[in-house]
Structures are given as structure tokens and as C-alpha cells.
There are 2 protein chains.
Amino acid sequence: MAKKKVMREMDFSTEEKIKNAARVVFQKKGLAAARTRDIAEEAGVNLALLNYYFRSKEKLFEIIMYETLTNFAKGITGIFNDENTTLEEKIGLLVEKYLEMLTNDPNIPMFILSEIRNRPKDLLEKLPAKSVLSNSVAINQFGEMAAGGEFSEKDIPHLLMNLLGLTVFPFVGKPFIMALGGLDELEFNTLMQERKKMIPLWMKTMMSVK
Amino acid sequence: MAKKKVMREMDFSTEEKIKNAARVVFQKKGLAAARTRDIAEEAGVNLALLNYYFRSKEKLFEIIMYETLTNFAKGITGIFNDENTTLEEKIGLLVEKYLEMLTNDPNIPMFILSEIRNRPKDLLEKLPAKSVLSNSVAINQFGEMAAGGEFSEKDIPHLLMNLLGLTVFPFVGKPFIMALGGLDELEFNTLMQERKKMIPLWMKTMMSVK
DNA sequence: GGTAAATTTATACAAATGATTAAAAAATTT
DNA sequence: AAATTTTTTAATCATTTGTATAAATTTACC
């Protein structure tokens, strides 16, 4: 079995090379379309090493998916549970953070959502921040604003969906949007940067529509 | 080879049964994860009949994808090129139509987008309404409003993305959203019905933020 | 009602693919 | 430096999966 301490002064250990390659290939193509041989090639490594270090393609996938989900959720819970920021500030921070993350890693949302489609039970159980979200400071702040009459209590799920949709959807539909708008990579990324300022404004106005 | 005229008074011809099953399975699981045996079973039909009526899994997939894309795009171009409606009316009609369609067929957006991810070139060429959209009446109306100072010309792509995101994203993230919100099917669908009225209002306010 | 064409079935094949194994090579320990 | 352990390689296996084929069955036609 593999031992971490054995790592020599290579750029990356074989185990790391495989994990990084698996992340790339899985996130780009999804579990079903990803071939173990694709991953081995991407890693520049013998095929049998995948099974040597990770018992199976499934195990390797689970590791990548777990890390991806955890990393993705980490940002939300941190920001949404800060007692010292207003809701408006939280939205700004969240949008800023995720637009930045997704500009660098645009495949993540599609990866997560399309795998959830294929194995909803499996993955949604492992979802961190399920009850965490509903008890978050941010949700309470939404509730307070609703109580204050800014908008209806019934609108809260909609506003959350909108925040998510406005931020994440462009990346889910990236190839579609780029083709439809005749955009290149740079133009798309520029739009995403612009949204850092715009989404918070839009959210603010949507939270005032009665 | 198959001949249409041979159809007896069955509920559905074998060819139709296969196509319907293929639509269900492909839209639910995607091309890579869909097995020809899944489709045959869903259709209640011998496996070899898939290749008898449609030469290969790929051919069958292309038919389903083409029909799905065409049907999906049909609604947009019709509404967006009507000379006799205002932009506000167009948005209302579009949102109404697509929320209705997607409530009945929630897998379509994820199906289209995830297959585009896997074969961007193939599918995006076949995309109807690529140049159609940019020359549409609706886009001109957006331009007029921008000229009138309601919002900036630079905001138009954003507003289009927002319209798409607010309408389509909930379906792309449906399992995720249902789990996070603790919603059942009925509650989710109720939210989608509510959005028929809300999205046009939100769009209206977003088109006034300067 | 018999014959030809079509549909359907059972079976099997071939390629792709995840996984295994035994031997070789490299690294570590003694 | 020898021995032991770890890592890597090449080759192969077993299953899955898309597809083909030949026989059986059903339908259409005269």
C-alpha cells in the first residue's frame, strides 16, 4: 500500500498526479463518460496505478466528488453564518467569492449538478450544509427583513434561487451562452467580472418588489 | 427496413415506443450513461429492434437531441420575433410558456446543457436560432430601451442571461434545490408557478437599475 | 390459403473498459 | 551491499455494451 512519507522530491507524487488528473477528467466529462484510461493518460501514469492507489474508479470518483462538494460548500457556510455582516454584505461577499472561483474553475457547477442528476440519493446525503443552511444567520436575516415588510416570507426561497441562479447559471450554460452571444473566453470572463457588482444590485431591487 | 404504412392499430408502433423510451432514458441519464438495454427495457421491446429501426445508439440519440433542441428553440423564436408585442409582453409570454413546459418536462435543460458540455461543436452547430436570436425583434427592442436610457447597452447580455437563469436554472438544479429546501415535487412545482408572475416583475426592476 | 415481405426473437460476437496479476524496477532498511 | 519493501510495468482477464446474424414469427398481398 501507499505511504505518504515515501514521497521523493518529485513535483507531485504519483497519487497526487492521479487525483489531479481525475479531477480534471471527471469534472470535464462526468463519471459515466470518463474512462480510467483517460485519467491515466492525463496523469502520465500507468493504468494499473489507478487501482493500486485507489481501489476502483468509483472510489476515486467519490474522493474527487467529496472534495469538490466540500470545497464548494465551504464558502457558503462561512459567509452565511457570520454574525457581524449584514445580509447585503453577505450577498456581496458570496457573489464576489463564487464568481472568482467559478471563473477559474467553470466546470464545477455542471459537474456537481449532473452527477446529482444521476445519483441523487448518494450525493445529496453527503451534502454538507443541508440543515446548516436553513439555520444560518443569513436565513434569519432574510426572515427579519420579511417580518419588517420588505418582502413576503414566501419570497425567501425564490430570492435564494435567484441568487444561486444569477451567480451559477452562466457557468452551467457557458458553452451555450458563448455560442449564442458569439463570445470568446475573455469576453465571457469580463461579463462574469461585471456581475460581481451587478448581482448584488439586482438582488437588492428584487428584495424590494412587493 | 421499417415502413411507416405498416402500422397496425396498436397504441404505438414499435418505432414510436423505442423513440419515446429513448427520449426518457437519454433525457434522464445522458448519452454516456444510457444503455441500449435500458432503452429496450423501457420500451418493452427486444434489444435488437433498436438497431433494426435506428441504425445505432448514436443515430437514435441524434434524432432525440435534434427533436429536443428544435422543440425547445421553437418557443423562443416565435415569441421573440412577434412585431406586435412589447418587450415586456414578450418576457411575460416566454416565462409563462417555459415554466409550463419545464414543469412537465424538467429534465430538458440539464439534458441539453450536459450534452453540449460533452460535444460542444457537434451540438452548437445544429443550434437553431443562433443568428436568429441576435437579429430578433426582442433584441432590437432591448436596444431601443438602452438607447432610451433605461439601461446601458452593455447590460443587454446580462439581462438575457438573467432571464434565462431565473427561468431555467431552478430546473437544472432541481434535485439540489429540492433537497436543500426540503421540498417535495408539489411544493417545487408550486414555486415554479409563482415564478410565472414574479420573474417578469424582477426583470422589469432589473431593467431600471442604473 | 399460400407466398413473400416485414417484424421479432434468441443468440452470439467484437470492441471497450474496469480490474487483476505476476514480474520487473526502484526505493528503503538493515 | 544485501535484503526487504514499495512502486511500476506489461500483459491479461472478465464484464459490459453496442451491434450483427440467422432463425422464427407475424403480417401483407395475391
Members of residues 25-39 of chain B that approach DNA chain D, where some heavy atom sits under 4.0 Å away: B:A34, B:R35, B:T36, B:R37
Looking at [Y] and [X], is any side-chain nitrogen of the basic one under 4.0 Å from a carboxylate oxygen of the acidic one?
{"X": "B:K196", "Y": "B:E100", "answer": "yes"}
{"X": "B:K74", "Y": "B:E67", "answer": "no"}
{"X": "A:R23", "Y": "A:E16", "answer": "no"}

So, is B:Y52 near the phosphate of C:dT9, with a side-chain N or O under 4.0 Å from OP1 or OP2?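 Result: no.
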List the steps and the verdict of salt bridge (Lys or Arg N to Asp or Glu O under 4.0 Å) for A:R119 and A:E58. CA-CA 13 Å; A:R119 320 170 25 181; A:E58 289 283 334; 3.4 Å; yes
If we only count heavy atoms from C-beta on, is the B:K19 to B:Y53 side-chain gap below 4.5 Å? no
Close side-chain approach of B:L94 and B:I76, heavy atoms under 4.5 Å: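 Contact flag for B:L94/B:I76 side chains = yes.
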Would you indicate whether A:E88, at its atom CD, is surrounded by more than 12 heavy atoms from other residues, nucleotides or ligands within a distance under 6.0 Å? no
Does a sphere of radius 6.0 Å around CD in B:E187 hold more than 12 heavy atoms from other residues, nucleotides or ligands, not counting ones at 6.0 Å or beyond?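 Atom CD in B:E187 is crowded, with more than 12 foreign heavy atoms closer than 6.0 Å.
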List, with names and distances, any nitrogen or oxygen atoms from the protein found under 3.5 Å away from nitrogen or oxygen atoms belonging to nucleotides 22-24 of chain D.
none

Heavy-atom pair with the smallest gap, counting every atom of A:G165 and A:P170: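 Residues A:G165 and A:P170, closest heavy atoms: O-CD, 3.7 Å.
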One pair to check against side chain to side chain contact (heavy atoms under 4.5 Å, CB included): A:L113 and B:F169. What are the steps and the verdict? CA-CA 11 Å; A:L113 292 175; B:F169 179 78; 4.3 Å; yes
For [X] and [N], what is the distance between atoms [atom1] and [atom2] respectively, to the nearest whole Å?
{"X": "A:L49", "N": "C:dA25", "atom1": "CG", "atom2": "P", "result": "16 Å"}
{"X": "A:L47", "N": "D:dT8", "atom1": "CG", "atom2": "C1'", "result": "12 Å"}
{"X": "A:N46", "N": "C:dT20", "atom1": "CG", "atom2": "C1'", "result": "12 Å"}
{"X": "A:E41", "N": "C:dA16", "atom1": "CD", "atom2": "P", "result": "15 Å"}
{"X": "B:K17", "N": "C:dT8", "atom1": "NZ", "atom2": "C1'", "result": "11 Å"}
{"X": "B:L50", "N": "D:dG18", "atom1": "CG", "atom2": "C1'", "result": "10 Å"}

Within residues 56-66 of chain A, those residues having any heavy atom closer than 4.0 Å to DNA chain C are A:S56, A:K57
Picking from C:dT8, D:dT19, D:dT8, which would you name as closest to the side chain of A:T14? D:dT8
Nearest of D:dT8, C:dT9, C:dT20 to any side-chain atom of A:N51?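 So the nucleotide nearest the side chain must be C:dT20.
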Would B:F61 and B:F54 count as a close aromatic pair, with their ring centres under 6.0 Å?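 B:F61 vs B:F54: aromatic centres not under 6.0 Å.
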